[in-house]
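Chain A is the first sequence line, chain B the second, and so forth, proteins listed ahead of strands; every chain is numbered from 1. What you see is a predicted model, and the numbers here were worked out from it, not measured in a lab.
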2 protein chains.
Amino acid sequence: MRESATERLTVTAARLFQERGLNRVGINEIIREADVARMSLYNNFKSKEDLALAAYGAVSKSRQDAVDAAIAASDGPEAAILAIFDLAADLAGGASFRGCAFIDLAAHAAVDDARLIDLVRRHKSALRGRFSRLAERAGVADPEKTARQLLALWDGSLTDAFIEGDAAPVSAARCAAEHLLSQGK
Amino acid sequence: MRESATERLTVTAARLFQERGLNRVGINEIIREADVARMSLYNNFKSKEDLALAAYGAVSKSRQDAVDAAIAASDGPEAAILAIFDLAADLAGGASFRGCAFIDLAAHAAVDDARLIDLVRRHKSALRGRFSRLAERAGVADPEKTARQLLALWDGSLTDAFIEGDAAPVSAARCAAEHLLSQGK
DNA sequence: TGCTGATTAGACCGACTTGTCTATCTAGCG
DNA sequence: CGCTAGATAGACAAGTCGGTCTAATCAGCA
């Protein structure tokens, strides 16, 4: 038997949401692409928001795993930070890249979608925390501030790469990260 | 007589779009807030997209004017760049701040809304151009690259300030800009 | 085989969207 | 005054959306 309906729905929704954004993908398209009946969706998830929560949660987890793997494979904290920016370059290079999926989600979520907004906040906070620990290990003077700067470079360069349709902002941001690390200590 | 319907519609739409995003504000709300009849909208604008184009165009112009004023009032290119980041801090400090309106617009615009996406591209390109000229005057080695880094800091810090609900990312980004300027020459 | 519980396709609902149309009203002007 | 051109409110069309419901079908198992 093929994988469960829950899993197929989550994976399909994650892909479509990343390709076009939460509000530009409807239930009908998701169930068609996932090859699942309408009621199977609502038997597994209470609502579209619940499905979105599961889908974006899975994306968040896989992104964090990729970051952790890059850190583990790197030789020292400075190299790890640069390796994380290489991940950004990979993202920005992909076809139909629409910028960071979580920034997109924050833009699409209504003010009352508290759980979705919380997910975005937790995702960004997790990345900032990793930057902060690496910056501390690298011996910079103010790791928290450096982490905020690295996160801004990450988010801004992914966004600009989306808007310009070119990955140049990401490599420029990587250079800026190098400078900040060599100077901030 | 009060100002024209076109102007009231443009101003009202600009405010509402910035408060909640293009797709979360409907025609009905705009005409109600602008105190204008439905048909007056469609006599002045071909469609909602045309109104959005006018509204965001006005916002873009006023933002660029503010940046130019900050540049003119500054003592030297480095100070001008920092003054631009002070503008970002003002934006991020406002109530109901939702991040850069043009990033939000890029997230909401469909792939086929070519004119809206173009507007975003031109807006960001204009800001990057100003950064580039200032960086050149400041004598950095690679003004284009420095401009990309400054733009990423600008966009990323505004986005993070929105997500976190706190202006701290913007002041951290300002510090990063200082570092980049002192090192990039 | 026959039973049971999950899954299916698709009709259906109500709310909402942008955009059109009409019939009425009003302001300016000769 | 009467005329005209524009503005008005609101009904309406056509479509989309998320979500519910039903009736038929299917798979697994005793």
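For the pair A/R32 CZ and D/dT16 C1', the computed distance is 13 Å after rounding to whole Å. To the nearest angstrom, C1' of D/dG18 lies 17 Å from CG of B/N23. The interatomic distance linking A/N43 (CG) with C/dT8 (P) rounds to 10 Å, in whole Å. In this structure, the CZ atom of A/F45 is 15 Å from the P atom of D/dG18, given to the nearest Å. Between A/L41 atom CG and D/dG19 atom P the separation is 9 Å, expressed in whole Å. Taking atom CD of residue A/E29 and atom C1' of nucleotide D/dT16, one finds them 13 Å apart after rounding to whole Å. Rounded to whole angstrom, the span from the CG atom of A/N44 across to the C1' atom of D/dG19 amounts to 15 Å.
Close to C/dA6, at under 4.0 Å from its OP1 or OP2, lies no side-chain N or O of A/S40.
Contact between B/A88 and B/W154 at its shortest, heavy atoms only, is CB-CZ3, 3.5 Å. Contact record, B/R8 with B/D35: NH1-O, 3.1 Å, taken as the closest heavy-atom pair. Among all heavy-atom pairs drawn from B/L41 and B/V36, the shortest one is N-CG1, 4.2 Å. Between B/H123 and B/R63 the shortest heavy-atom distance is CE1-CB, 3.9 Å. Minimum heavy-atom separation, A/S40 to A/L9: O-CD1, 4.3 Å.
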Tell me, for nucleotides 12-23 of chain C in 5' to 3' order, what letter each nucleotide earns: B for a base near a protein heavy atom under 4.0 Å, S for only sugar-phosphate near one, - for neither?
-> ------BBBBB-
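Under the salt bridge (Lys or Arg N to Asp or Glu O under 4.0 Å) test applied with A/E29, the options A/K48, A/R38, A/R20 reduce to a single match, A/R20.
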